[in-house]
**Student:** 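What follows is a single structure, and I will ask about it in a moment.
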2 protein chains.
Amino acid sequence: MTTIHEVAAAAGVSISTVSYALSGKRPVSEKTRRRIEDAALRLGYQPDAGARMLAGRRTNIFALTEPLRADTHAPTHMAFVLATAVAARRRGYDILLLTDEQTSEGMNRVAASNLVDAILVLDVAPDDERVAIARTVRTPTIFIGLPDDQRDLTCVDLDFEAAGHLAVDRLADAGYDRVLLLGQTEVSYRKSNFPRRLLRGVQERSTSRDIDLSWTATGSVITDTAAVRASAEAALDDGVRAFIVHAVNDVHEILLDVLAERGLHVGADVAIVSAAASFDTASLPVAVDTIPLVPQDSCELAVEIAVQRLEDPRLPARIHLIPPTYRAAGSVPPPRE
Amino acid sequence: MTTIHEVAAAAGVSISTVSYALSGKRPVSEKTRRRIEDAALRLGYQPDAGARMLAGRRTNIFALTEPLRADTHAPTHMAFVLATAVAARRRGYDILLLTDEQTSEGMNRVAASNLVDAILVLDVAPDDERVAIARTVRTPTIFIGLPDDQRDLTCVDLDFEAAGHLAVDRLADAGYDRVLLLGQTEVSYRKSNFPRRLLRGVQERSTSRDIDLSWTATGSVITDTAAVRASAEAALDDGVRAFIVHAVNDVHEILLDVLAERGLHVGADVAIVSAAASFDTASLPVAVDTIPLVPQDSCELAVEIAVQRLEDPRLPARIHLIPPTYRAAGSVPPPRE
DNA sequence: TTGAAAGCGGTACCAG
DNA sequence: CTGGTACCGCTTTCAA
């Protein structure tokens, strides 16, 4: 294991010069710096993590807490974890996982032992118990998602309400006055925060734009194919020709199946907007206008904020809502007749 | 931030006594120990992670490398990550995530900087590049899965070949002489190691037991519903009444659908054995005999081995194959006529 | 532009 | 059974 001393000896300088040359925190003459970098590279020098933490009071590690609930949608969840890890790594941070039962206990533990520089919170519940912990630990904590009580918290999330507004506006602008919202599962309206926010946005805007809105959950815990199908068919029978879908892959496919069976063409006979989808809607058999929920965006912003907070601890806590964007794909035609 | 000095002061002892009392590495009189524990608890003392790493040359962190490939089945993968985290935590270790591109670079980095005590390798490919790295780093590395070249490696995995044998044996014992194996996706036969091993086990035993075996992949990258359906129907038309399924949830459901459509009853008209399923087959609409792949078992064993290696670094590298178990559920009746 | 040296907060050896 | 203390390897202040 090569230490800073060996590098210093090899380069014929003191260890402090090595430290400064490598960190860049103090100007070092061009040629000694090169000698040091050469030696470091040649010896495969890598600073000892423990020593660095102790002396520098920086661990270069972020904790990521993720309570895996029964209703967690694995692919979506993985996308968030991956996006966080990638974003963190780009800024020089590793991710320490706190899963399951250890989310709360773990937050306290890693904070108290100075194991991490910041804590990122995933899969935020409306009454999340991690909110209380975030308020007591000194470690900067960033929520990716919004709990109900946001006082003094730093949170990052897509602006789901605005996404709801946007979806309705597009349909209203096109001329539709009746819309069916195919939502998330019932449990997610209780255990998560974002489905409600999108729903509220859709409802608000439907009211103000005089849209006759109906909506339905798409299962109790996981997608209920029969229920989704029944809802879609009932709506179609009833003459509804505009849909907002805030749901997983499966639900989109079921809706598209039903439409296909009836010979209805998306973008001609029927309008669809996929709101806050975290999967790639381009993989659907039919092009669909989408207001995407991009895990990379939320996670990168969260990491960015964490880094800023470490650089300037006096930055005030605040809520960061990411404005939704509308990706048109021709699935919202003017209504027939 | 309470340090060991404050605890020592509060308890009226020296810091070394505190250290020993809390680690238990040296006998400490009952009453001083209590005083120390009280003080520690009262002050919310938690040893500084950096200091501990530096002085103790132990980080109490395991790295977990997981290259998330396109064909990674998210739910299964998550089950493994979760199981590893839980097992590690039980032994006092945290998990540092190395995902995606950083798997190889990350292994070298965390090993060279002494950030982790051991590395656990998930999602092992036949020609995994992490094999070479494992051989060069001093950090103990445990593979959860088998690469092709296993020389000098420590690996843990279900004995998929034995699982293949077991599945065939049960069907052969019951009296079947023709079997269809519904396998994994095509890409997984190239990118992973275990599907081949199960296939080989099934083929070997089919030969020795005089079974007429046919088999098919169940899609190229993800489940191809139409293809699975077609395979099942062709086999049934052909008179096959025994199935081994080594696949995800979906494939099981498609097969059960086809059988239901034809009025064939599992456990009466048709035999099914689910081999190496990593999801809970009890959630299927019909009870199915299962040779489960239990992530907890593999991951716990991997963690266990890692801990042992840290305690005794001279333990030899070896392959640990977990014997399969057969969970009967009445889905293998004697053949009709 | 560089070096010397004082910690950072523990662990574990050496004494008593 | 307990205390003193020499490190662990790096960061950073102080001095030159």
Side-chain angles (χ1 to χ4, degrees), chain A residues 1-37 39-40 43-61 92 109-117 138 310, chain B residues 1-37 39-40 43-61 92 109-117 138 310:
Chain A
M1 212 202 46
T2 44
T3 72
I4 197 173
H5 288 94
E6 313 183 40
V7 177
V13 296
S14 72
I15 63 164
S16 59
T17 301
V18 173
S19 179
Y20 285 121
L22 263 28
S23 72
K25 293 192 180 172
R26 184 166 93 172
V28 170
S29 81
E30 180 61 20
K31 60 177 185 301
T32 56
R33 213 204 51 214
R34 300 190 64 87
R35 275 217 314 286
I36 291 171
E37 281 170 355
L43 300 174
Y45 171 67
Q46 199 73 250
D48 179 87
R52 183 174 249 189
M53 288 188 200
L54 183 54
R57 326 19 235 307
R58 276 297 186 85
T59 70
N60 282 299
I61 300 175
R109 188 167 46 77
V110 299
S113 64
N114 301 309
L115 219 194
V116 305
D117 293 334
R138 286 179 301 79
L310 292 173
Chain B
M1 210 204 48
T2 49
T3 73
I4 197 171
H5 289 92
E6 313 183 40
V7 177
V13 296
S14 72
I15 64 163
S16 59
T17 301
V18 173
S19 179
Y20 285 121
L22 263 28
S23 72
K25 293 192 181 174
R26 186 166 90 171
V28 170
S29 83
E30 181 60 20
K31 60 177 184 304
T32 55
R33 213 204 51 216
R34 300 189 66 87
R35 274 216 316 285
I36 291 171
E37 282 170 354
L43 299 174
Y45 171 67
Q46 200 71 250
D48 179 86
R52 184 176 246 187
M53 286 188 201
L54 182 56
R57 5 309 276 309
R58 276 298 187 84
T59 71
N60 283 298
I61 300 175
R109 188 168 46 77
V110 299
S113 64
N114 300 310
L115 220 195
V116 305
D117 293 333
R138 285 183 302 78
L310 292 173

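Note: hydrogens, waters and symmetry copies are ignored here, and every other heavy atom, side chains too, is used. The sequence lines fix the lettering, A, B, ..., with proteins before strands; numbering per chain opens at 1.
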**Student:** As an exercise, state the distance from OG1 of A:T3 to CG of A:L43, rounded to the nearest 0.5 Å.
**Tutor:**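 With rounding to 0.5 Å, OG1 (A:T3) is 9.5 Å from CG (A:L43).
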**Student:** Name the one of B:R138, B:R57, B:R58, B:M53 that satisfies side-chain contact (heavy atoms from CB on, under 4.5 Å) with B:N114?
**Tutor:**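 It is B:R138, the one option of B:R138, B:R57, B:R58, B:M53 that forms the side-chain contact (heavy atoms from CB on, under 4.5 Å) with B:N114.
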**Student:** Across nucleotides 9-16 of chain C, 5' to 3', mark each nucleotide with B, S or - according to how protein heavy atoms within less than 4.0 Å reach it.
**Tutor:** BBBBBB--
**Student:** Quick one: is C:dT1 close enough that its OP1 or OP2 comes under 4.0 Å of any side-chain N or O from A:T32?
**Tutor:**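 Indeed not, no polar side-chain atom of A:T32 lies that close.
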**Student:** Under 3.5 Å, side-chain donor or acceptor atoms of residues 10-19 of chain A against the rest of the protein: list the pairs with distances, not counting sequence neighbours.
**Tutor:**
from, atom 1, to, atom 2, distance (Å)
A:S14, OG, A:S16, OG, 3.1
A:S14, OG, A:T17, N, 3.4
A:S14, OG, A:T17, OG1, 3.2

**Student:** Is the closest basic N to carboxylate O distance between B:R33 and B:E30 below 4.0 Å?
**Tutor:**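 Counted as a salt bridge, because a side-chain N and a carboxylate O are separated by less than 4.0 Å.
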**Student:** Would you mind reading off the distance between A:N60 atom CG and D:dT11 atom P, rounded to a whole angstrom?
**Tutor:**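 So the CG-P distance, A:N60 to D:dT11, works out to 10 Å.
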**Student:** Is the backbone of B:L115 close enough, under 3.5 Å, to the side chain of B:T59 for a donor and an acceptor to pair up by distance?
**Tutor:**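 Answer holds: yes.
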